[in-house]
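Read the structure below first, then the notes.
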Number of protein chains: 2
Amino acid sequence: MSLKNTILTSLIESEKSGYDIFRQFQNSLNYYWNASYQQIYKTLDTILEQGLVSVRTVKQEQKADKKLYSLTEKGIEELENWVHEPTSQQKTKNDLLVKLTLARKFGSAAIIKQLQQRLSEKENELLNYRKIERAYFTPKPSAETHIKNVTYYLALRNGITHCEVEINWLHESIDMLSSNQ
Amino acid sequence: MSLKNTILTSLIESEKSGYDIFRQFQNSLNYYWNASYQQIYKTLDTILEQGLVSVRTVKQEQKADKKLYSLTEKGIEELENWVHEPTSQQKTKNDLLVKLTLARKFGSAAIIKQLQQRLSEKENELLNYRKIERAYFTPKPSAETHIKNVTYYLALRNGITHCEVEINWLHESIDMLSSNQ
DNA sequence: CAGGACATGTAATTGGTTACATGATTGC
DNA sequence: GCAATCATGTAACCAATTACATGTCCTG
């Protein structure tokens, strides 16, 4: 379960509530991790039982109580071990490519529509990444930049470059299918 | 469950055994889908109950019996409906990017090792794709090419281009982390 | 006054992995 | 003789989604 380790990693920065972690996943982090809030709350329960995090409850006026989680020594050890373990790739599951092969059975009109939909999603995604890039990484980090910013920059670059090739591929595919109808 | 639809799609070509489908996933298909054989056998049971496929058992000399599955009318309808449904993106879960952010906590030596490991995996993957490209898609398909080959070619191109940017990103990341130690 | 952000959860179901289980053939 | 390929499955467990459930504050 790597959601566990992703949550622990997020808690290195500061103590956080389940909702804080959820928002972080939804915003800047969404090019490298994704989880629903139900999953996050459940996992927090589990790692609390395992002693990897501790919790303190903060009473808030006019808002529901907040449970702030922070890393324990055991949690830090867990993370350090995990860094050294082999890292397996996420298994590809690309519905769009499967549907693409169905074009010859059911015609390409429907699949072209799906590709165009995905194209507009990806274009939006890229705009967001570019916004983050401009705001936090101009000028581009160099060898002298603090390592924290370097790793964030590299993660963002990963999101950007994959997004770009996907957009190119979508254009190419839409063109080819359109001229082949 | 899109594994269901992926299996149905695979059965459009011809009737297949669970093992045939598994091999197809392992080989050429692995740039767009991935599943274990346990999952495939289980799903085949489910879609047989749902009437989306039919089965016939083939006795084989000197080998275990084979169960060959083929699409039913209902299965084809199911697929046609699925093509028109909105297609959601696979949720990103990138362990390597999470580990990358841990470099500032635990040092970059361990993470550089992980990046190099991934690099060699990706380089192998790319060589395989190139082999398929040379064998089946020279010269490159054009507007006149049969649609079947066009869709297969596009799926392969998707695998190749993503593999390439990942390799570039890995080089860039290893360089940047190394000079920042 | 409606919708979105904040804030936390439970329950049921489905999807996926890991371990267990068997047995023949073919090629090195 | 050992590993890989062919061929099929069960059982236990872990991961993830969907639906249900509640309540406040703030902004337009």
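Every chain is numbered from 1 and lettered A, B, ... according to where its sequence line falls, protein lines coming before strand lines.
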Subject >> Nearest-Å distance for atom pair CD/C1', residues Q39(B) and dA15(D) >> reply: 12 Å

Original post:
Among pairs that include at least one residue of residues 71-83 of chain A, which meet side chain to side chain donor-acceptor pair (under 3.5 Å), considering only residues two or more places apart or in two chains?
Top reply: K4(A)-E78(A)

**OP:** With heavy atoms under 4.0 Å as the rule, sort K93(B) into base, sugar-phosphate or nothing.
**Re:** sugar-phosphate

**OP:** Choose from dG9(C), dT8(C), dT10(D) the nucleotide whose nearest atom is closest to any side-chain atom of K67(A).
**Re:** dG9(C)

**OP:** Report the residues that fulfil ring pair (Phe, Tyr, Trp, His ring centres under 6.0 Å) with F22(A), sequence neighbours left out, ordered by chain and then residue number.
**Re:** Y37(A)

So which protein nitrogen or oxygen atoms get under 3.5 Å of nucleotides 18-22 of chain C's nitrogens or oxygens?
| from | atom 1 | to | atom 2 | distance (Å) |
| --- | --- | --- | --- | --- |
| dA19(C) | N6 | Q38(B) | NE2 | 3.0 |

**OP:** Starting from C1' on dG16(C), measure out to CZ on F22(B) and report it in whole angstrom.
**Re:** 14 Å

Subject >> Among dA16(D), dT8(D), dT8(C), the nucleotide that comes nearest once only the side chain of L3(A) is considered >> reply: dA16(D)

Original post:
dC6(D), dC6(C), dA16(D): which one has an atom nearest the side-chain heavy atoms of R23(A)?
Top reply: dC6(C)

Original post:
With clusters built from Ile, Leu, Val, Met, Phe, Trp and Tyr whose side-chain heavy atoms come within less than 4.5 Å, directly or transitively, what are the remaining members of the cluster of L68(A), listed by chain and number?
Top reply: V58(A)

Original post:
What is the distance from CH2 of W33(B) to P of dG15(C), rounded to the nearest Å?
Top reply: 11 Å

Original post:
Excluding sequence neighbours, so at least two apart, what forms side-chain hydrogen bond (donor to acceptor under 3.5 Å, both in side chains) with S88(B)?
Top reply: none

Original post:
Counting side-chain heavy atoms from C-beta on, which of dT8(D), dA16(D), dT8(C) comes nearest to Y41(B)?
Top reply: dT8(D)

Original post:
Can you check the K66(B) NZ to dG9(D) P distance for me, whole Å?
Top reply: 13 Å

Subject >> Euclidean distance, H162(B) NE2 relative to E125(B) CD, rounded to 0.5 Å >> reply: 11.5 Å

Subject >> Separation of dA5(C) P from Q26(A) CD (nearest whole Å) >> reply: 9 Å

Subject >> Between P of dA7(C) and CG of D20(A), the distance in whole Å >> reply: 7 Å

Original post:
Between dT10(D), dT8(C), dT17(C), which nucleotide has the shortest distance from any of its atoms to the side chain of D45(B)?
Top reply: dT10(D)

Subject >> Rounded distance (Å) that lies between atom C1' of dC14(D) and atom CG of N5(A) >> reply: 14 Å

Subject >> Hydrophobic cluster partners of L127(B) (side-chain heavy atoms under 4.5 Å) >> reply: none

**OP:** May I ask you to check whether E133(B) and Y129(B) show a side-chain donor-acceptor distance below 3.5 Å?
**Re:** no

Original post:
What nucleic acid atoms does T43(A) come within less than 4.0 Å of, heavy atoms only: base, sugar-phosphate, or nothing?
Top reply: nothing

**OP:** Round to a whole Å and report the spacing from NZ of K4(A) to P of dA15(D).
**Re:** 8 Å

Subject >> DNA chain D: 5'-proximal contact among L68(B) and K42(A) (nearest heavy atom) >> reply: L68(B)

